[in-house]
Amino acid sequence: MTGWISLHRQIRNHWIWDDAEKLKWWLDILLLTNHTDKKSVFNNEVVLIKRGTFKTSEVKLSERWGVSRNTVRKFLKLLESDEMIVAEKTPYGTTVKVCNYNDYQGFSMSEKQQSEQPTEQQNEQHKDLSLIHI
């Protein structure tokens with residue numbers, strides 16, 4: 001697996017930032033999430049795994065993170081309660097959908113930078129407003 005993910009600086013203001021272990025697990029979930037639709041074979045059947053989702057199991061995540069299945073289950077439920085993911089159990093394991101995936105991973109860097117940088121007109125308006133407050 002190659003590539004990168006976008007991570008907004010506002011994550012520092014999120015509750016998950018305060019717990020290093022949970023932050024690591026969250027970042028791992030983001031890195032496991034498919035950035036394009038992908039077909040895979042499960043139980044001798046071709047299954048489409050959509051962008052913004054991935055297939056796993058509580059057992060796989062517990063082994064990956066070195067914790068119990070119960071700890072994984074509680075963490076996934078915590079993320080669901082905060083509307084960060086939707087976890088759906090299937091005959092092939094668990095499908096995890098990252099909520100708002102396209103909002104955070106949908107732009108190219110140049111598009112994102114252009115949308116975040118103020119225009120020259122906005123800069124002029126800001127200068128005008130700053131003169132008013134002097």
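Computed from heavy atoms alone, side chains included, the values below leave out hydrogens, waters and symmetry copies.
Summarising the geometry, atom CD1 belonging to I49 is positioned 6.0 Å from atom NZ belonging to K38; distances are rounded to the nearest 0.5 Å. Atom OH in Y101 sits 8.5 Å away from atom OG in S6 (nearest 0.5 Å). Atom OG1 in T95 sits 9.5 Å away from atom CZ in F54 (nearest 0.5 Å). Of the inter-residue distances, the one linking E21 atom CD with K24 atom NZ reads 8.0 Å to the nearest 0.5 angstrom.
Not a single donor-acceptor pair under 3.5 Å links the side chain of Q105 to the backbone N or O of I5. Checked by atom type and distance alone, the side chain of E88 never pairs as donor or acceptor with a backbone atom of T94 at under 3.5 Å. Between the T71 side chain and the V67 main chain, no donor and acceptor come within less than 3.5 Å of each other. When atom types are taken as modelled, the side chain of N43 and the backbone of E45 share no donor-acceptor pair closer than 3.5 angstrom.
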inquiry  = With side-chain contact (heavy atoms from CB on, under 4.5 Å) as the criterion, how do S62 and V72 come out once you've worked through the C-alpha distance, each side chain's angles and the decisive distance to 0.1 Å?
reply    = CA-CA 6 Å; S62 69; V72 169; 3.9 Å; yes

message = With side-chain contact (heavy atoms from CB on, under 4.5 Å) as the criterion, how do R69 and V59 come out once you've worked through the C-alpha distance, each side chain's angles and the decisive distance to 0.1 Å?
response = CA-CA 6 Å; R69 284 181 62 191; V59 171; 3.6 Å; yes

request  = Mind running side-chain contact (heavy atoms from CB on, under 4.5 Å) on H8 and H14 for me, showing each step along the way?
outcome  = CA-CA 11 Å; H8 200 282; H14 194 277; over 6 Å; no

Pair L7-L27, side-chain contact (heavy atoms from CB on, under 4.5 Å): steps then yes or no = CA-CA 9 Å; L7 186 64; L27 294 176; 4.0 Å; yes

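R64 is not listed as a side-chain neighbour of T56, based on a closest heavy-atom distance of 4.5 Å or more. Side-chain atoms of V98 and N34, non-hydrogen and from C-beta on, never get closer than 4.5 Å to each other. Contact check for K39 versus V46: side-chain heavy atoms found under the 4.5 Å cut-off.
For the pair E58 and K89, the salt-bridge criterion is met [side-chain N within less than 4.0 Å of a carboxylate O]. Remark: D37 engages K50 in a salt bridge, criterion side-chain N to carboxylate O under 4.0 Å.
For K22 against I16, the heavy-atom pair with the smallest separation is O-CD1, 3.6 Å. Nearest heavy-atom pair across E80 and A87 is OE2-N, 3.0 Å. Here the shortest heavy-atom pairing between I29 and F75 reads CD1-CE2, 4.0 Å. Closest heavy-atom contact between C99 and E83: CB-O, 3.4 Å. In plain terms, the two heavy atoms of W26 and I11 that are nearest each other are CD1-CD1, 4.2 Å.
Classified by interplanar angle (parallel below 30°, tilted 30° to 60°, perpendicular above 60°), the ring pair W65/W25 is parallel.
Hydrophobic clustering of Ile, Leu, Val, Met, Phe, Trp and Tyr side chains at less than 4.5 Å, counting indirect connections, keeps V86 apart from V96. Placement of W15 and L23 within a single hydrophobic cluster is found when ILVMFWY residues are connected by side-chain heavy-atom separations under 4.5 Å, directly or transitively. The hydrophobic cluster containing I85 also contains W17, counting ILVMFWY residues as joined when their side-chain heavy atoms lie under 4.5 angstrom apart, directly or transitively.
At most 12 heavy atoms of other shown residues, nucleotides or ligands fall within 6.0 angstrom of atom NZ in K97.
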